[in-house]
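Here is the structure we will look at.
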Amino acid sequence: MRGNMLREPLYVQVHPQDNVAIIVNEGGLPRGAAFASGLVLTEAIPEAHKVALADIAQDAPVIRYGVEIGYATQPIPRGAWVHEGLMSLPSPPALDHLPLATSSPLPMPPLEGRTFQGFLNPDGSVGTKNILGITTTVQCVAATVDFAVRRIKAELLPLYPNVDDVIAITHSYGCGVAIDAPGAEIPIRTLRNLSLNPNLGGAPLVVSLGCEKLQPVRLIGADALPVLQQENYLVRLQDDHHRSFGDMVAAIMEMAERRLVQLNARQRVTRPASDLVVGLQCGGSDAFSGVTANPAVGYAADLLVRAGATVMFSEVTEVRDAIAILTARCATPDVARDLLREISWYDDYLLRGSVDRTANPTPGNKQGGLANIVEKAMGSIAKSGASAISSVTGPGERVTQKGLIFAATPASDFICGTLQLAASMNMHVFTTGRGTPYGLAMAPVIKVASRSSLAQRWSDLIDVDAGRIATGDATIEDVGQQIFDLILDVASGRKQTCADHWGLHNEFVLFNPAPVT
Ligand code: CA
């Protein structure tokens, strides 16, 4: 009884007040298709697209998730296709006079005794992987470090079987940039905090060129630098004693091997689930995302919060239109004000670039039935579950608190993933409707499909099929529990994600709102 075997015409209505629902059947439904409710389609409607459940007058609201996602630009009869061309976009909600912590949820009962097997770091953070990371100050050294990493993987890594991987944190930043401009602190702290990610043992190795603007002291801080130099965990390619490319590579490999010895001596130990820092994201969303994959992830997020873990949701432009729901859900008015500060900063950033929120959704989102950013936002925030938002962090900042956190980031999959890694994420959950083979080298990525047809077509890329919720074959709670259990298994190294199986690891992409020179 999977999606592609459905015979009965089926739609999903999210909220009792909704005057639209989405078509579940794979491949869509023809004109004349009749539902159990008595509704008959007046025209063919593609899968995941909206059908009018009632006559909608011109200028009347189109309601999904119980909110006005748009207004009819012409009369829409019951049974017709409600697509993007028939709807106007509501104006963005103003940021003043929003409810601040007015419906903050009470804490749910704690979930005791949930554990995973992780690598405890000296700073108290816990890795779900045991990776050797090499930080770079500037793009100039990237090719050299990549060269050294290829040799380290081939010649050294096999000698240290407890180490999972070797990764170079390479990027386009570091020189030719306005390093003191407002906003420049974002890429700099992102790089610093990436190098401290729990899955790298919480301690950086650094390769610098020598003449770059982003000097090692600026990157890792005046406190950390002496330790790094003392322990010989900094290689500067322009130093006089490197008399050839071969010398530089040898220096990087020698530094790497000293760290490999340390990492290899570590063993997984039993740790409480509260040591998990789980980042949530969506990419290639469709109209199912908000009723299947995202609510299931939201259920898992609530279980994690109850177990004492840190859960981050992000993507400013995709929550912007649901802001009133989020400010009301903050734990305190101060947290709500922190949230508004980040949203307002992003509004200004978009304004400076002469774009607005209609830059989102993508063509693929629209093909997947998402008419506009309001509908996308309502689906996106379902990932955050029902817990109170306990704190807010800026892009690239390290998260230190437990509970549900809004970590402000752009919605770009790679930038959001990179910023969540900098925030100290040790596990990533990614929902998709259209499908993307996305993965990260630094933390496992569990991919959840919003539709069974995608999960079946990409059975070797998708880890969890949440489409079973739309067809009635599973509940949100079933799939949410499955995601929670899978997080603990993957974090313990007992199971491997599809992305890790194939080694699909997207690049780090920095968010640099400051000018390039
Ligand atoms: Ca995204």
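Numbering of ligands and ligand atoms starts at 1, following listing order.
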- Message: If we count only N and O atoms by modelled type, under 3.5 Å, do the side chains of N294 and S289 hold a donor and an acceptor together?
- Response: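 No, because no side-chain N or O of N294 sits under 3.5 Å from a partner of the opposite role on S289.
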- Item | Worked check of salt bridge (Lys or Arg N to Asp or Glu O under 4.0 Å) between R468 and D478 | CA-CA 10 Å; R468 296 175 295 142; D478 294 337; over 6 Å; no
- Message: Check this for me: does any side-chain nitrogen of one of R320 and D347 sit under 4.0 Å from a carboxylate oxygen of the other?
- Response: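 The answer is yes: the pair qualifies as a salt bridge.
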- Which residues pass the side chain to side chain contact (heavy atoms under 4.5 Å, CB included) test with I167, sequence neighbours left out? I131, D165, L200, A441, M442, F508
- Partners meeting side chain to side chain contact (heavy atoms under 4.5 Å, CB included) with D413 (sequence neighbours left out): Q281, F430, Y438
- For H15, what residues pass the ring-ring contact (aromatic ring centres under 6.0 Å, His included) criterion, not counting sequence neighbours? none
- Query: Protein N, O or S atoms less than 3.0 Å from the Ca ion (ligand 1), ignoring waters?
  - Reply: Q281 OE1, C282 O, E315 OE2, A411 O, D413 OD1
